[in-house]
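Reckoned from all heavy atoms, side chains included, excluding hydrogens, waters and symmetry mates. In listed order, ligands and their atoms are each counted from 1. The residues of the chain are indexed from 1 along the displayed sequence.
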Amino acid sequence: DLGRTGDELGLPVYAVGGFVRDLLLGVENLDLDLTVEGDGIFFAERFARAKGGRVRSHPAFGTAVVVLSDGSKLDVASTRLEYYESPGVLPTVERSSLRHDLYRRDFTINTLAICINSDRFGMVTDFFGGQQDIQQRTVRVLHNLSFVEDPTRVFRAIRFEQRLAFRIAPHTENLIRSALRMKVLDRVGGIRLFNELVLILNEQEPLGAVRRMAMLGLLPFIHPQLRLSPETERAMTESSRLLTWFRLLYLNDPCQQWQVYFLALCERLRDDEFQEACRRLSMPGRFVSQVFAHRHRALVMLETLQRRLKRAQDLRNSEIYDSFHGLPLEILLYLAARTKNDQVRRLVSLYITRLRHMRRELDGNALKELGLAPGPNYSRIMKRLLDARLDAEVGTAEEERTLARE
Ligand code: CTP
């Protein structure tokens, strides 16, 4: 249908970028990016009308997003049409505009275009040797100033290399090193830095990318004290194991993977350093103080639990519940990843798998029906009932009623 709209308007339309790269690699990619040689917004509007979708367009950039009724999205860009004016001559459109458009991209593997018009359907345009680099599994920039122009590409190079099991080309790696020597990342705003880090930490297995970041000397740009010590590596490996475990069990419980890895990565930072790192990444103040408070509480908790377990004290379920209640899943998983104490890890997993779901049966109305006068003691009774549930002292509503009357 896209091709047909292009045919009807007489506009050449290409699938470009990551979609084509992944197509050639046989990797699933549902993000289709199109480049239209000509007015992409016009194309997007026509296509949306034919399919019953909506268009959001950004005329200044010549881009548009089509949102179809099934929720799928399509990014449409226009090749920049360049006009060369000289006196007395009509403006002429530069012919190689697709080439120009692709030349502005980060790596050769992202510069392939596939035509989707019917007359040239499936024809690959490859100006910069992208196919060969895909075959040879190489991440390569198009020109020497690439990382200076856009320093976030350093992170992207690492992300693609690790995700696709490619290799950054030696010359490209040298360009990264010299860009970092020039401290280009200091010019990158916190939010952009943060976005790139989150993208990396949300990859399926981020440890390889973090190792590479450490090797190339990127971590100090997040915080001067940030290193990948054996301890940190261990915490990250454990995080990966726990996140896999958690996802298998609780597919539908939202859990921000990057937060678990970020905490693991920062685990050797002192409290003030941790806050500095968050600030460098422009994390929202409220979020930082929350994460900070939770991290702090989790670490104190860890100490307390370890001490009690060492004294061979048995912990009741209600105590375990009180220890962990109110901590977000991300912090709990971090706690479990960080500890070297198997018993502590078992407690966290007991809380995640069983205790956090446990409820008492009686509510306020039920207490009223028992003839108990409403008041502040209600919450005390409620807590007592939940504790009794947790500690298996009661198992039925009837037993809860008996306990409530006491
Ligand atoms: N791009 C770039 N420089 C950047 C970001 C993006 O040149 N700093 C280009 C890349 O060529 C990329 C395209 O813009 O192919 C689209 O960006 P994005 O969607 O981030 O890239 P994908 O290749 O689709 O990556 P992913 O598979 O992670 O979605």
Heavy-atom nearest neighbour in the protein, as seen from atom 23 (O) of ligand 1, with distance rounded to 0.1 Å: Arg21 NH1, 2.8 Å

What protein heavy atom is closest to atom 13 (C) of ligand 1, reported as residue, atom name and distance in Å? Arg105 NH1, 3.3 Å

Under the criterion side-chain hydrogen bond (donor to acceptor under 3.5 Å, both in side chains), I'd like the reasoning laid out for His223 against Glu273: C-alpha separation, chi angles, the key distance, then a yes or no. CA-CA 8 Å; His223 192 278; Glu273 294 169 340; 5.3 Å; no

Shortest protein heavy-atom distance from atom 8 (N) of ligand 1, along with the residue and atom involved: Asp150 OD2, 2.6 Å

Does the side-chain contact (heavy atoms from CB on, under 4.5 Å) test come out yes or no for Leu145 and Leu175, once each step is laid out? CA-CA 8 Å; Leu145 288 178; Leu175 293 174; over 6 Å; no

How close does the nearest protein non-hydrogen atom get to atom 20 (O) of ligand 1, and which residue and atom is it? Arg156 NH1, 3.0 Å

Quick one: do Arg54 and Glu45 make a salt bridge, cutoff under 4.0 Å? no

Grab the two heavy atoms, one from Asp272 and one from Arg270, that are nearest each other, plus how far apart they are. OD2-NH2, 2.9 Å

Measure the distance from atom 16 (C) of ligand 1 to every protein heavy atom, then report the residue, atom name and distance (to 0.1 Å) of the closest one. Asp33 OD2, 4.2 Å

Give the C-alpha distance, both sets of side-chain angles, the deciding distance and a yes or no for ring-ring contact (aromatic ring centres under 6.0 Å, His included) between Phe166 and Phe160. CA-CA 7 Å; Phe166 277 32; Phe160 290 129; 8.8 Å; no

Please list, in number order, the atoms of ligand 1 under 4.0 Å from a heavy atom of Thr152. 8 (N)

Looking only at protein heavy atoms, identify the closest one to atom 10 (C) of ligand 1 and say how far it is in Å. Asp106 OD1, 3.2 Å

Using a strict threshold of under 4.0 Å (side-chain N to carboxylate O), is an ion pair present between Arg104 and Glu149? no

For atom 29 (O) of ligand 1, what is the closest protein heavy atom, and at what distance to 0.1 Å? Asp31 OD2, 4.3 Å

Determine whether the side chain, the backbone, both or neither of Phe160 has a heavy atom under 4.0 Å from any heavy atom of ligand 1. side chain

Determine the minimum heavy-atom distance between Thr339 and Arg345, stating which atoms define it. O-NH2, 2.8 Å

Would you call Phe19 a ligand 1 contact, heavy-atom distance under 4.0 Å? no

Under 4.0 Å from one or more heavy atoms of Gly18, ligand 1 contributes atoms 15 (O), 23 (O), 24 (O)

Could you pull out, from Arg104, Arg163, Arg153, Glu149, the option with a heavy atom nearest to atom 26 (P) of ligand 1? Arg163

When the aromatic ring centroids of Tyr250 and His357 are compared, is their separation below 6.0 Å? yes

